[in-house]
Structure formats: structure tokens, C-alpha cells
Amino acid sequence: MTTTLKAASRPSTPLAFFDDQHPSAADFRRDVLDGLSAPQKYLSPIYFYDAEGSALFDAITELPEYYPTRTELSILDTIGNELAERAGSGAVIVEPGSGSSIKIRKLIDALDTPAAYVGLDISGEHLQQACTVLAEDYPGLSIGAICADFTTGLDLDGYDLPGGRRLVFFPGSTIGNFEIQDAIDLLKGFRAGMRDDDAILIGVDRVKDEQTLVDAYDDSQGVSAAFNLNLVTRINRELDGTIDAGKLRHLALWNEKASRIEMHLQAVDDIEFSIAGETFAMKSGETIHTENSHKFTPEAFSALAARAGFTVRTHWSDERELFTLYWLEPDSKA
Ligand code: AVJ
């Protein structure tokens, strides 16, 4: 019978392993109600990325004003040989927050016969899909996936991994979305799962002139604004909200003292709304703080890395010094 044949011909999963650690799911409702009850209203940027928000973020990476993605890719293109030399042959690439990005492909292509790739992500479905596609494209690479919250650490014990040097790949200046102490704690968490001769390759956006920074988060086509405002649409849809998105405007500002771009949603009028049965009010001009994106000088980032127990072995920037990739090695455990 053809039906049996069809079922039997379905390829089995090409992944070496898929380990679901069942990370506790983020509580969107609780977090939104808490954040909007604070004196300075805030929402976590993790909630930007529903289907629409993820598509808008992809569009952001293509904008003329949004330089980080293309700059990081161009740096990766020029440093392939050095990366291969540092990582050695048979390296094991570990990617916390593994996306479907082309950056990981550039790294895999650059290295000298990497032995394995391990993706970690809080979203199991997204992770499995991204890793499966990667496994199909790189049949010689052993690919594993761990559904886990990487902000709670990077525990690789108990997985049957090849013995090569482990290289933790953390691109995109995602580190910039964390408060400084949280960024240090995140790197410490990575450190705890690493051996003395492992390394981190991390992409970090740099301090530069204010106009370039602000434009990257407030582009002329309004895509960044749509990305920020999509959070309101999501709250209205998923949490029975009544926020008039037309009464909020996208705001991107450079906070010099904290060395970060902040995104806010600013009320253009006194407004009231309800979410999940709770009511909220905003005065005209009041904001909801939706994202921080910290920018680092090489000195500031080296200092942060040092506080987490890492030394900057080397770093690479583009010619215009817009963005930097750092190679971090752990200070040996005392
Ligand atoms: C790539 C997630 C770090 O902060 O630049 C882009 C997200 N926010 N435009 C960044 C983002 C607004 C982005 N990260």
C-alpha cells in the first residue's frame, strides 16, 4: 500500500540530539501588567518577537540606517582565516539564542572542519526547525539542539560532544540588550559551562556619533517605529487590550550617561486603557520604556568582560569602527 510507503519514507530527524529542558515559559500577561504598573512603565524587549515582530526585525536588518547586521557580517567575511586558526580543527560551536541567521553559516564555513554545532534556544519549535535546516545543509556536521533558557547558564555536561575546542558564538550585540550587571552575570553563566581553553566570539556595537546611533533606531521608513509599536498591537490582541496605538509615538534616544540607545513608546495625549481587565493611565509625554541597546568602547567592553572572568585575546572591527567582534578567553579558574 502506498500510504505505508509514504509514512516510512519520511526522513527521521537529522539531529544528533534534541534535549528539551522545559525552560519555564515567559509569562507575557504577568510581565506586561507588572511593567505597566511601575513608576517608569517598561516592557521587556523579549516580547517584540512574535511572528510580525520577527519579520519587522528582519526588515530592520536590511535598512540603510541599521548598520550592525551588515557590518558584523562583513567583519566575519574578512577574519575567517584568523578564526580558523584560533578555533583549531574539530571545534564545537555553541550558539546561545540560535536563530536562523546566515552569521552561523559564515562561521561554520570559515572554520577548519568543525566537528559539531549545538544550538540553544528558549523556543523549542524555532530551534528544532533552524537546526534541522542547518543539519540538512551541513551533513558532515554533528548538530545538537538544547531547548533551554541560556540566561540561566550554559551547561554542556552530559552531552556526548566531540572533544575539540568549544567556541561560544554570541553575535548581533544581543549582549547590549542586558543591563550591565545582567550582562556580566550572563557571561559568568557562559563561563561556568566552559573549560579553560574554550572561547567566546561575541559581536558588540560600538559608541559612535549620536546621529548615526539614533538613526539606526529611528529610520526614515518607519520600520523601527512599526517594530516598537507592534508590541502594542500584540498586547491588544493577546491580552484583550484597548490601547490606542495612534496615541503612542515611537521614541529612540541616546542616553549618554548609560551609553545606550533607549526605545520608548511616548503618549501624545493623556490616555487611559485596559489590559486583561486592569486599567492604566498615562499623562501626555509619559513613556513606556521598551528596550535598551548598550554601546561599548573597546575599553568599556574589555572591562565588562574582565568583571565576568574573561580576557579579550583579540578583537576585530570594520574600517569605520562601527562594530567589533571580540575573542574572549576565560581567566583560568584559580
Ligand atoms: C539585535 C536585538 C540587539 O538592539 O540593535 C533593533 C534589536 N531593536 N532595532 C538591537 C533592535 C531595535 C537589536 N538586537
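No experiment lies behind these values; they were computed from the predicted model shown. Every number for a ligand or one of its atoms is a count from 1 in the order of the listing.
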Nearest protein heavy atom to [atom], by residue and atom, and its distance?
| atom | result |
| --- | --- |
| atom 4 (O) of ligand 1 | S293 OG, 2.7 Å |
| atom 7 (C) of ligand 1 | E291 OE2, 3.5 Å |
| atom 3 (C) of ligand 1 | N177 OD1, 3.3 Å |

With backbone taken as N, CA, C and O and side chain as the heavy atoms from C-beta onward, which portion of F227 lies under 4.0 Å from ligand 1: side chain, backbone, both, or neither? side chain
Should [X] be listed as contacting ligand 1, given a heavy-atom distance under 4.0 Å as the test?
| X | result |
| --- | --- |
| P68 | no |
| Y66 | yes |
| G172 | yes |

Can you name the nearest heavy-atom pair linking S259 to V207, along with the distance?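 Minimum heavy-atom separation between S259 and V207: OG-CG2, 3.4 Å.
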N/O donor-acceptor pair under 3.5 Å between T242 side chain and F273 backbone: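 No; judged by distance alone, with no hydrogens or angles, the pair does not exist.
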Can you list the atoms of ligand 1 that are under 4.0 Å from a heavy atom of Y49? 2 (C), 7 (C)
For the residue pair F48 and F227, categorise the inter-ring angle as parallel (less than 30°), tilted (30 to 60°) or perpendicular (more than 60°). tilted
Is the Y49 ring parallel, tilted or perpendicular to the F57 ring (thresholds 30°, 60°)? perpendicular
For salt bridge (Lys or Arg N to Asp or Glu O under 4.0 Å), just list the numbers for K208 and E321, CA-CA rounded to whole Å, side-chain angles, deciding distance to a tenth of an Å, and then say yes or no. CA-CA 8 Å; K208 58 185 62 65; E321 305 200 320; over 6 Å; no
Report yes if some N/O of S173 lies less than 3.5 Å from some N/O of ligand 1; otherwise report no. no
L231 and T290, any side-chain heavy atoms less than 4.5 Å apart: yes
Same cluster or not: L63 versus M263, using hydrophobic residues (I, L, V, M, F, W, Y) connected whenever any side-chain heavy atoms lie under 4.5 Å apart?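 Cluster IDs for L63 and M263 match.
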